[in-house]
Amino acid sequence: MVSRGQWLSVLICVVLLLKAEGVPVGITFVENAVAKGAVCLDGSAPAYHFHKGSGAGINNWIVHFEGGGWCNNVTSCLSRRDTRLGSSKKMDTQLSFSGFFSNSKKFNQDFYDWNRIKVRYCDGSSFTGDVEAVDPRTNLHFRGARVFAAVVEDLLAKGMKNAQNAIISGCSAGGLAAILNCDRFKALLPRTTKVKCLADAGYFINVKDVSGAQRIEEFYSQVVQTHGSAKNLPSSCTSRLKPGLCFFPQNVVSQISTPIFFVNAAYDSWQIKNILAPGAADPHGQWRECKLDIKNCSPNQLSVMQVFRTDFLRAFGAVGNSPSKGHFIDGCYAHCQTGTQETWLRNDSPVLGNTTIARAVGDWFYDRRAFHQIDCAYPCNPTCHNRIFDQNALPDV
């Protein structure tokens with residue numbers, strides 16, 4: 001027979017597990033943005049999820065931009081328009097907040113009591129697009145930059161105008177948005193606010209795929225053209241390079257003046273799957289099993305991935321080692337590591353220099369110490385949580 005004490009222990013474990021897994025947070029629609037033309041691909045209102053801060057964190061803000069790939073032409077944008085990545089009408093009304101967004105001091109020591117916002121992604125341009133015209137045949141709205149401005153304006157009115165500390169962050173395409181909009185975000189906040197930026201898995205690099213094609217460069221050029229993004233990309237880059245090249249962080253980071261921290265896997269699973277070895281470059285599916293689980297990769301495929309890591313680190317060299325620009329580059333097969341508890345802060349989370357991502361980001365934000373750590377090559381880090389994908393899973397965007 002199970003004793004009362006044993007049941008109590010089980011109950012406490014369940015409660016802690018649930019707290020670690022995250023708290024559900026409801027959706028907020030920015031209805032007044034519609035009149036400004038700040039809308040999703042289908043013309044619906046932008047949206048975010050807001051978990052309010054408390055106590056000492058009441059005037060501290062995290063504004064996080066969701067990821068979800070990009071659309072590069074009318075056809076691909078139409079395929080997104082009636083999904084959660086193109087319409088707020090299709091979004092889940094609740095999201096789970098864990099990791100960097102947890103409200104538990106145990107699982108998020110430095111930011112648990114901050115105001116934490118997840119901005120939903122529904123424009124397909126990393127919040128950079130702005131085309132006035134709307135083709136009535138498609139009803140596609142390319143207005144990502146307006147969505148960015150409208151959301152920040154709405155949050156300022158809800159108390160962010162009094163912010164003491166603020167972080168703009170993002171994962172994947174949202175991580176790229178945090179890089180491209182880093183200085184813009186700081187300019188929209190009061191001068192007295194301490195503002196920093198955090199890009200998780202947003203450092204996409206310009207490399208050829210396994211067939212030798214420069215596919216991602218062409219793709220980004222089409223994204224920028226379709227969405228009219230050029231005017232919203234850093235002018236320090238567009239003044240010297242083609243606008244499409246200014247979607248690559250390696251061409252803009254040296255000019256970012258606001259402090260910024262990069263969390264990235266050197267073997268970023270999205271980039272391996274979609275930039276290095278996309279289906280179009282692998283017609284016979286020789287990379288399929290390798291992309292699902294790095295343990296399935298052949299010696300030759302691992303060699304190609306080691307070259308990708310070398311290319312990534314070369315491109316990442318543009319960041320430099322300024323104390324204001326921190327980085328945690330692990331040697332894992334992963335993508336987006338701040339928003340899940342297992343990779344942000346847990347007993348078995350990835351570490352570099354005996355430091356978790358949570359501690360590295362907290363130390364950097366609060367100026368306790370600079371953090372510049374690049375991991376050794378795979379498979380040297382036993383703390384990695386390498387992604388394993390389901391064979392029937394949709395592409396990881």
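If you read the sequence from its start, that first residue is 1, and numbering goes on from there. Quick note: numbers below take in every heavy atom, side chains included, and nothing from hydrogens, waters or symmetry partners.
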Given side chains that start at C-beta, do those of [X] and [Y] come closer than 4.5 Å, heavy atoms only?
| X | Y | result |
| --- | --- | --- |
| Phe97 | Pro24 | no |
| Gln250 | Asn206 | yes |
| Leu345 | Asn108 | no |
| Asp348 | His385 | yes |
| Leu198 | Ile168 | no |
| Lys105 | Asp113 | no |

Are [X] and [Y] linked by a side-chain donor-acceptor pair shorter than 3.5 Å?
| X | Y | result |
| --- | --- | --- |
| His64 | Ser169 | yes |
| Asn300 | Ser298 | no |
| Tyr267 | Gln306 | yes |
| Ser76 | Asn73 | yes |

Between [atom1] of [X] and [atom2] of [Y], what distance do you get to the nearest 0.5 Å?
| X | Y | atom1 | atom2 | answer |
| --- | --- | --- | --- | --- |
| Gln301 | Ile294 | CD | CD1 | 10.5 Å |
| Leu85 | Leu41 | CG | CG | 9.0 Å |
| Gln341 | Phe107 | CD | CZ | 6.0 Å |
| Gln109 | Ser102 | CD | OG | 10.5 Å |

Quiz item: Passes side chain to side chain contact (heavy atoms under 4.5 Å, CB included), Tyr112 versus Ser104? Steps please.
Solution: CA-CA 6 Å; Tyr112 73 97; Ser104 166; 5.7 Å; no
Among residues at least two apart in sequence or on other chains, which ones pass salt bridge (Lys or Arg N to Asp or Glu O under 4.0 Å) with [X]?
| X | value |
| --- | --- |
| Arg120 | Glu66 |
| Arg240 | none |
| Asp110 | Arg368 |
| Asp154 | Lys158 |

State, to 0.1 Å, how close [X] and [Y] come at their nearest heavy-atom pair, and which atoms those are.
| X | Y | value |
| --- | --- | --- |
| Ala38 | Ala150 | CB-CB, 3.7 Å |
| Ala173 | Gly69 | CB-O, 3.6 Å |
| Ser87 | Asp42 | OG-OD2, 2.6 Å |

So does [X] have more than 12 non-hydrogen atoms from other groups sitting under 6.0 Å from [atom1]?
| X | atom1 | value |
| --- | --- | --- |
| Arg359 | CZ | no |
| Gln225 | CD | no |
| Lys242 | NZ | no |

[X] ring center near [Y] ring center (under 6.0 Å):
| X | Y | value |
| --- | --- | --- |
| Tyr48 | Phe29 | no |
| Phe100 | Trp344 | yes |
| Trp114 | Phe365 | yes |
| Phe101 | His51 | no |

Self-check item: Candidate pair Cys122 and Met91, rule side chain to side chain contact (heavy atoms under 4.5 Å, CB included), full reasoning
Solution: CA-CA 9 Å; Cys122 63; Met91 294 173 181; 3.7 Å; yes
Exercise. Kindly confirm or rule out a cation-pi arrangement of Arg84 over Tyr121, judged by NZ or CZ under 6.0 Å from the six-membered ring centre and within 45° of its axis?
Key: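 Cation-pi check for Arg84 and Tyr121: fails.
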Practice problem: Go through the structure and list residues passing side-chain contact (heavy atoms from CB on, under 4.5 Å) with Asp135, not counting sequence neighbours. | Solution: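 Asp135: side-chain contact (heavy atoms from CB on, under 4.5 Å) contacts with Arg137, Thr138.
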Quiz prompt | Ala281: side-chain contact (heavy atoms from CB on, under 4.5 Å) partners, not counting sequence neighbours | solution =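 Counting only residues at least two positions away or on another chain, Ala281 forms a side-chain contact (heavy atoms from CB on, under 4.5 Å) with Asp209, Val210, Ser211, Arg215, Pro278.
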Quiz item: Going through the checks in order, is the side chain to side chain donor-acceptor pair (under 3.5 Å) test met by Asn162 and Asn59?
Solution: CA-CA 6 Å; Asn162 301 316; Asn59 288 319; 5.2 Å; no
Quiz item: Hey, are Asp363 and Arg369 close enough for a salt bridge, meaning a charged N less than 4.0 Å from a carboxylate O?
Solution: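 Arg369 and Asp363: salt-bridged.
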Sequence neighbours excluded - side-chain hydrogen bond (donor to acceptor under 3.5 Å, both in side chains) pairs with any residue from [range]:
| range | result |
| --- | --- |
| residues 181-195 | Asn181-Arg184, Asp183-Ser257, Asp183-Thr258, Lys194-Asp367 |
| residues 29-38 | Lys36-Glu153 |
| residues 280-296 | none |
| residues 308-324 | Asp311-Arg314, Ser322-Ser324 |

Exercise. Can you tell me which residue pairs pass the ring pair (Phe, Tyr, Trp, His ring centres under 6.0 Å) test with a partner in residues 145-193, sequence neighbours excluded?
Key: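 Output for this query lists Phe65-Phe148.
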Quiz item: Any ring pair (Phe, Tyr, Trp, His ring centres under 6.0 Å) pairs touching residues 191-235, not counting sequence neighbours?
Solution: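 Applying ring pair (Phe, Tyr, Trp, His ring centres under 6.0 Å) to every pair that reaches into residues 191-235, excluding sequence neighbours, yields Trp70-Phe204, Trp70-Tyr220, Phe142-His227, Tyr203-Phe262, Tyr203-Phe312, Tyr203-Phe316, Phe204-Trp270, Tyr220-Phe247, Tyr220-Phe248.
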Quiz item: Please walk me through it: do Arg116 and Asn103 pass side chain to side chain contact (heavy atoms under 4.5 Å, CB included)?
Solution: CA-CA 9 Å; Arg116 285 149 287 115; Asn103 66 334; 3.7 Å; yes
Quiz item: Would Val361 and Phe111 count as a side chain to side chain contact (heavy atoms under 4.5 Å, CB included) if you check the C-alpha gap in whole Å, the side-chain angles of each, and the deciding distance to 0.1 Å?
Solution: CA-CA 10 Å; Val361 172; Phe111 307 103; 4.1 Å; yes
Quiz prompt | Partner of Phe50 under side chain to side chain contact (heavy atoms under 4.5 Å, CB included), chosen from Asn115, Ile27, Val63, Val25 | solution =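 The option that passes is Asn115.
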Quiz item: Where the side chain of Asn381 meets the backbone of Thr383, is there a donor-acceptor pair that is under 3.5 Å apart?
Solution: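 Flag set: sc Asn381 to bb Thr383 pair under 3.5 Å.
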